[in-house]
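Residue numbers begin at 1 in each chain, while the letters A, B, ... track the order of the sequences. The figures that follow rest on heavy atoms only: side chains count, while hydrogens, waters and symmetry mates do not.
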Amino acid sequence: MERLLSRRDYVAVAKGRRLGRPAFLIQALERSAEGPSRFGFTVTRKIGNAVVRNRVRRRLREAVRLIGRSAARPGTDYVLVGRAAALDRSFDRILADLAGALAELGGRATTSPPATARQG
RNA sequence: CCAGCUGGCCGGACGGCCGCUGCGGCAAUGGUCGAAAGGCCGCCGUGGAGGAAAGUCCGGGCUCCAUGGAAACACGGUGCCGGGUAACGCCCGGCGGGGGCGACCCCAGGGAAAGUGCCACAGAAAGCAAACCGCCGGAGCCUUCGGGCAAAGGUAAGGGUGAAAGGGUGGGGUAAGAGCCCACCGCAGGACCGGCAACGGGACUGGCAUGGUAAACCCCACCGGGAGCAAAACCGAAUAGGGACGGCGCGGGCUUCGGCCCAGGUGCGUUUCCGCGCCAGCCGUCCGGGUGGGUUGCAUGAGGCGUCCGGCAACGGCCGCCCCAGAGGAAUGGUCGUCACGCGGCGCAAGCCGCCAUACAGAACCCGGCUUACAGGCCAACUGGCAUU
């Protein structure tokens, strides 16, 4: 998984499309038609102390690792902003949330894409 | 057994599957880039959060900056004594004071006869003490001759105020009182004795002075240069810009090719004028500064574990063994299963069911401390009860 590393990238993606899900908020910005898709993670202090923030980021990162490569659109940068629910929501549901969100943002075909995914 | 007190320790376990990251290896299997060295992937092995990693409150190592040495002044810190330590505001052992039946706990614990300030309210008086009531006293005045009023003066025993009223109790004494005198207690000084010291004991002496506050200024003793790993050192691209050198070139017009005319920027001499010089574009090579980035700093250290020795202890010493996280938008994980512990419910019990499947909390240059947070549990010594032999 390619990571977003610089502040400039995060600021840029913040201007892209965004979708809310219980465990996270996802932002997407098409960088170019080609190249790998990249992911960044943001967990603010509002969520909790360092232990809680680490756990939220790790669960989201694991979700991206499992389905990000197949579901994400090439050449696109994504930023996942963690929410408090990412701590307790079952991992299966987080995976489903992420797959649905990526599809709605115009990703590749996934194992269970929503019907409206390709319309936009 | 119950209650307590002190110290130490742990703070989920095991196993699948899929990942991240450090180190070592690739002799064996593979892919890719490269001339090679080697890199990236892959494979194998192995390591990968805490007792507080936290707060960033002290003390150091290390780095850079400043600084001729020393001292003084200022500022800040520390503050019983002895020891431990690289050092400390930390730790250990004592001393003094306070609390507890006790084990034990708590203390910002130098100096108030160097000086200054403050002591609100209440109260007559709050520091070279003080007469409000009271007590004594009785000049003098009045008198119904019973007595009444009462100045000067004396008095800190009693009342009242206050956190605190200038020793306490008893006796003598006195007009009433008062260390005025006496006894005991307290207090002050103190030869001498014990202790390295803080300090303890104390013959004897003194009629009793020197109120509290230093977390008020202050005085005394000791300590202290500043900033911090985003410190700092090194390597160093593209692009733009700077400098040096070399090569080719060197504004426009006219020309009889000898020159003539008109211009720009810039340097010097003082501005205009004027004089002298340089430059303009392209290409190449080199130099220096700096940004992104990379490497080092960065993990062998006041290091850990163990036996023994010294010491009441903190700790120190000999020897042996071990290498024990190293990220960088920041790895140390995700998920599933089984189980221990715990909590709740049901049950006489064996047990069954349910819940959480654990509190506080995540290394960021590294050590020594302190402080704060913390579900649950284990061990040991000691103390006070109860029971038993």
Quiz item: Are the side chain of A/Arg17 and the backbone of A/Gln27 linked by a donor-acceptor contact shorter than 3.5 Å?
Solution: no

Exercise. Please work out whether B/G179 sits syn or anti, treating a glycosidic angle within 90° of 0 as syn.
Key: syn

Quiz item: Less than 4.0 Å between a side-chain N and a carboxylate O, is that true for A/Glu104 and A/Arg21?
Solution: yes

Quiz item: Which one is paired to B/C14, where only Watson-Crick or G-U wobble pairs with both distances under 3.5 angstrom count?
Solution: B/G337

Exercise. Using the P atoms only, state how far B/A232 lies from B/U63, rounded to an integer number of Å.
Key: 13 Å

Exercise. Rounded to whole angstrom, note down the C1' distance from B/U383 over to B/C104.
Key: 9 Å

Quiz item: Is there a Watson-Crick or G-U wobble partner for B/G267 with both distances under 3.5 Å, and if so, which one is it?
Solution: B/C276

Quiz item: Using purine N1 to pyrimidine N3 plus N6-O4 or O6-N4 for Watson-Crick, or N1-O2 and O6-N3 for G-U wobble, both under 3.5 Å, which nucleotide pairs with B/G138?
Solution: none

Quiz item: What integer number of Å spans the C1' atoms of B/G8 and B/G329?
Solution: 42 Å

Quiz prompt | Glycosidic conformation of B/A49, taking syn as within 90° of 0 and anti otherwise | solution = syn

Quiz prompt | Where the chi angle of B/G228 falls, syn if within 90° of 0 and anti if not | solution = anti

Quiz prompt | Rounded distance [0.5 Å steps], CG in A/Leu98 versus CD1 in A/Ile67 | solution = 4.0 Å

Self-check item: In B/G212, glycosidic geometry as syn within 90° of 0 or anti otherwise
Solution: anti

Quiz item: Using purine N1 to pyrimidine N3 plus N6-O4 or O6-N4 for Watson-Crick, or N1-O2 and O6-N3 for G-U wobble, each under 3.5 Å, what pairs with B/G42?
Solution: B/C26

Self-check item: P spacing across the pair B/C336 / B/A357, given as an integer number of angstrom
Solution: 11 Å

So which protein nitrogen or oxygen atoms get under 3.5 Å of nucleotides 334-336 of chain B's nitrogens or oxygens?
| unit_1 | atom_1 | unit_2 | atom_2 | d |
| --- | --- | --- | --- | --- |
| B/G334 | OP1 | A/Arg55 | NH1 | 2.6 |
| B/U335 | OP1 | A/Arg59 | NE | 2.7 |
| B/U335 | OP1 | A/Arg59 | NH2 | 2.5 |

Self-check item: CZ-CG distance between A/Arg18 and A/Leu25, expressed to the nearest 0.5 angstrom
Solution: 5.5 Å

Quiz item: Using a cut-off of 4.0 Å on non-hydrogen atoms, how would the nucleic acid contact of A/Asn54 be classed: base, sugar-phosphate, or nothing?
Solution: base

Self-check item: Pairwise P distance, B/A313 and B/U85 [rounded to whole Å]
Solution: 15 Å

Quiz item: Tell me: CG of A/Leu60 to P of B/C20, nearest whole Å?
Solution: 18 Å

Self-check item: Heavy-atom pair of closest approach, residues A/Val56 and A/Ala86
Solution: CG1-CB, 3.9 Å

Exercise. Check for a donor-acceptor pair, side chain of A/Tyr10 on one end and backbone N or O of A/Phe41 on the other, with a separation under 3.5 Å.
Key: yes

Practice problem: Could you give the distance separating B/A86 and B/C315 at their C1' atoms, to the nearest angstrom? | Solution: 14 Å

Self-check item: Opposite nucleotide pairing with B/G249, Watson-Crick or G-U, both atom distances under 3.5 Å
Solution: none

Practice problem: Using the P atom as the reference point in each nucleotide, state the distance between B/A237 and B/G288 in Å, no decimals. | Solution: 11 Å

Quiz item: When syn is taken as a glycosidic angle within 90 degrees of 0, is B/G146 syn or anti?
Solution: syn

Pairs: protein N or O with nucleotides 328-330 of chain B N or O, under 3.5 Å:
| unit_1 | atom_1 | unit_2 | atom_2 | d |
| --- | --- | --- | --- | --- |
| B/G329 | O3' | A/Arg3 | NH2 | 3.3 |
| B/G329 | O2' | A/Leu4 | O | 2.8 |
| B/G329 | N7 | A/Leu5 | O | 2.8 |
| B/G329 | O6 | A/Arg7 | N | 2.8 |
| B/A330 | OP1 | A/Arg3 | NE | 3.4 |
| B/A330 | OP1 | A/Arg3 | NH1 | 2.6 |
| B/A330 | OP1 | A/Arg3 | NH2 | 2.3 |
| B/A330 | OP2 | A/Arg3 | NH1 | 3.3 |
| B/A330 | OP2 | A/Arg3 | NH2 | 2.4 |

Quiz item: Can you list every side chain to side chain donor-acceptor pair (under 3.5 Å) pair that touches residues 80-94 of chain A, not counting sequence neighbours?
Solution: A/Arg89-A/Asp97

Quiz item: For A/Arg38, which residues count as a side chain to side chain donor-acceptor pair (under 3.5 Å) partner, sequence neighbours excluded?
Solution: A/Asp77

Quiz item: Mind checking what makes side chain to side chain contact (heavy atoms under 4.5 Å, CB included) contact with A/Leu66, not counting sequence neighbours?
Solution: A/Glu62, A/Phe91, A/Leu95

Quiz item: Do A/Leu102 and A/Ile26 have side chains that get closer than 4.5 Å, going by heavy atoms?
Solution: yes

Exercise. Can you run down the side chain to side chain donor-acceptor pair (under 3.5 Å) pairs that involve residues 45-55 of chain A, sequence neighbours left out, and say none if there aren't any?
Key: A/Asn54-A/Arg57

Quiz item: Watson-Crick or G-U wobble partner for B/G242, using a 3.5 Å limit on both distances?
Solution: B/C287

Quiz prompt | For B/U116, the Watson-Crick or wobble partner whose two distances fall under 3.5 Å | solution = B/A216

Quiz item: What integer distance in Å separates A/Arg53:CZ from B/U332:C1'?
Solution: 17 Å

Quiz item: Using purine N1 to pyrimidine N3 plus N6-O4 or O6-N4 for Watson-Crick, or N1-O2 and O6-N3 for G-U wobble, both under 3.5 Å, which nucleotide pairs with B/A163?
Solution: none

Quiz item: If we take the C1' atom in both B/G368 and B/G84, what is their distance in whole Å?
Solution: 13 Å

